[in-house]
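Report on the structure given below.
Per chain, numbering begins at 1; letters A, B, ... match sequence-line order. Small disclaimer: the values here were computed from a predicted structure and weren't measured.
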Amino acid sequence: QVQLQESGPGLVKPSQDLSLTCTVSGDSISSGGYYWTWIRQHPVKGLEWIGYVYHNANTQYNPSLKSRVTISIDTSKNQFSLNLYSVTGADTAVYFCARGSEWLHYFDYWGQGTLVTVSS
Amino acid sequence: DIQMTQSPSSLSASVGDRVTITCRASQSIGNYLNWYQQKPGKAPKVLIYAASSLQSGVPSRFSGSGSGTDFSLTISSLHLEDFATYFCQHSYSPPWTFGQGTKVEI
């Protein structure tokens, strides 16, 4: 059974950087056929795809966030990470990590989600 | 970006009802459409991918149809555990976007 678990601070100050890590168990993050993705859910704006990383470290980002985001992968730890720079209150959301199908681009396994609040 | 519009935004139904939720894309997306169910405090769970393929382990009362710009999710006979919010998501070309959700209430 594939499981994903997000970890990281729940409170970030405005203008600082948000860093989250997703630890994967039950599957090798190096295996083909899938990529590893971050999605966030705003109370009002709904679900927003942030970006993904492949096992070979290739990435794709949502253009709306591309200038402020980096997603990286650590195959030795079976983890991948999200860095979102210069956050504002608009970045307050529940952040999910998930596994995506490489060909059909649907998300079949998700972490439980972690609430990140941007506030001073 | 491709915009996904769901209707209705919410609906009231009873156990045993047949329920249909629709999703419209702002441009043709072939059959690159997925459906998710989300319960409060939980992550979304995929129900249908590629418009009509049932994800493993999902009950057969869930079905999806459509292509191009218009899609639907049908629950043939509503069970108590189906009261939740449902989202569509296109997977035609990045950035992937989601509908705003349809809340199915008792």
Side-chain angles (χ1 to χ4, degrees), chain A residues 1-6 10 20 22 24 26-27 33-54 58-69 71 93-115, chain B residues 1-10 21 23 25-26 29-58 62 64 66-67 71 73 84-103:
Chain A
Q1 177 75 349
V2 180
Q3 293 184 315
L4 296 89
Q5 178 68 59
E6 305 90 352
L20 296 174
C22 183
V24 179
D27 187 18
Y34 299 100
Y35 54 70
W36 306 92
T37 194
W38 289 96
I39 294 163
R40 66 183 182 179
Q41 188 167 28
H42 300 90
V44 177
K45 286 178 61 180
L47 290 159
E48 180 179 30
W49 171 73
I50 299 171
Y52 63 65
V53 62
Y54 277 102
N58 284 350
T59 54
Q60 176 102 44
Y61 300 126
N62 191 322
S64 68
L65 296 167
K66 188 175 183 177
S67 64
R68 297 195 294 127
V69 67
I71 299 176
V94 175
Y95 286 75
F96 295 98
C97 59
R99 189 180 82 168
S101 164
E102 181 175 4
W103 301 111
L104 294 175
H105 303 295
Y106 66 94
F107 311 115
D108 59 353
Y109 288 98
W110 296 61
Q112 64 187 21
T114 186
L115 174 62
Chain B
D1 298 0
I2 298 172
Q3 306 303 314
M4 308 302 295
T5 304
Q6 287 182 235
S7 61
S9 55
S10 65
I21 298 166
C23 179
S26 60
I29 58 171
N31 69 338
Y32 289 95
L33 192 284
N34 311 307
W35 288 99
Y36 299 84
Q37 176 194 69
Q38 186 179 32
K39 296 182 179 179
K42 301 292 187 182
K45 169 189 169 185
V46 65
L47 302 173
I48 302 286
Y49 63 92
S52 60
S53 296
L54 192 67
Q55 173 70 353
S56 174
V58 174
F62 291 93
S67 66
F71 301 87
L73 172 72
T85 301
Y86 294 83
F87 296 93
C88 60
Q89 172 239 331
H90 86 81
S91 50
Y92 182 72
S93 63
W96 324 127
T97 56
F98 294 82
Q100 80 280 13
T102 296
K103 187 173 184 179

Heavy atoms of other groups near B:Tyr32 OH, more than 12 under 6.0 Å
no

Checking A:Tyr109 against chain B: side chain, backbone, both or neither under 4.5 Å from a heavy atom?
neither

Salt bridge (Lys or Arg N to Asp or Glu O under 4.0 Å) involving A:Glu48 - partner list, sequence neighbours excluded:
A:Arg40

Name the region of B:Gln89, side chain, backbone, both or neither, that has any atom closer than 4.5 Å to a heavy atom of chain A.
side chain

Portion of A:Leu115 that has a non-hydrogen atom of chain B nearer than 4.5 angstrom
neither

May I ask you to list the residues in residues 58-65 of chain A that approach chain B closer than 4.5 angstrom, counting heavy atoms only, ordered by number?
A:Gln60, A:Asn62, A:Pro63

Answer with side chain, backbone, both or neither: which region of B:Tyr92 has an atom nearer than 4.5 Å to a non-hydrogen atom of chain A?
neither

Quick one: closest heavy-atom pair of A:Trp49 and B:Pro95, and the distance?
CZ3-CA, 3.5 Å

Heavy atoms of A:His105 and B:Asn34 approach each other most closely as O-ND2, 3.5 Å

For A:Gln41 and B:Ala43, indicate whether the former's side chain and the latter's backbone hold a donor-acceptor pair under 3.5 Å.
no

I want to check something: taking the side chain as every heavy atom from C-beta on, are A:Leu47 and B:Tyr36 in contact at a cut-off of under 4.5 Å?
no

For chain B, which of A:Ile50, A:Leu104, A:Val94 has the most heavy-atom pairs under 4.5 Å?
A:Leu104

Exactly one of A:Trp110, A:Phe107, A:Tyr106 should register a side-chain contact (heavy atoms from CB on, under 4.5 Å) with B:Val46. Which one does?
A:Tyr106

Full working for side chain to side chain contact (heavy atoms under 4.5 Å, CB included) between B:Phe98 and A:Ile39:
CA-CA 11 Å; B:Phe98 294 82; A:Ile39 294 163; 4.2 Å; yes

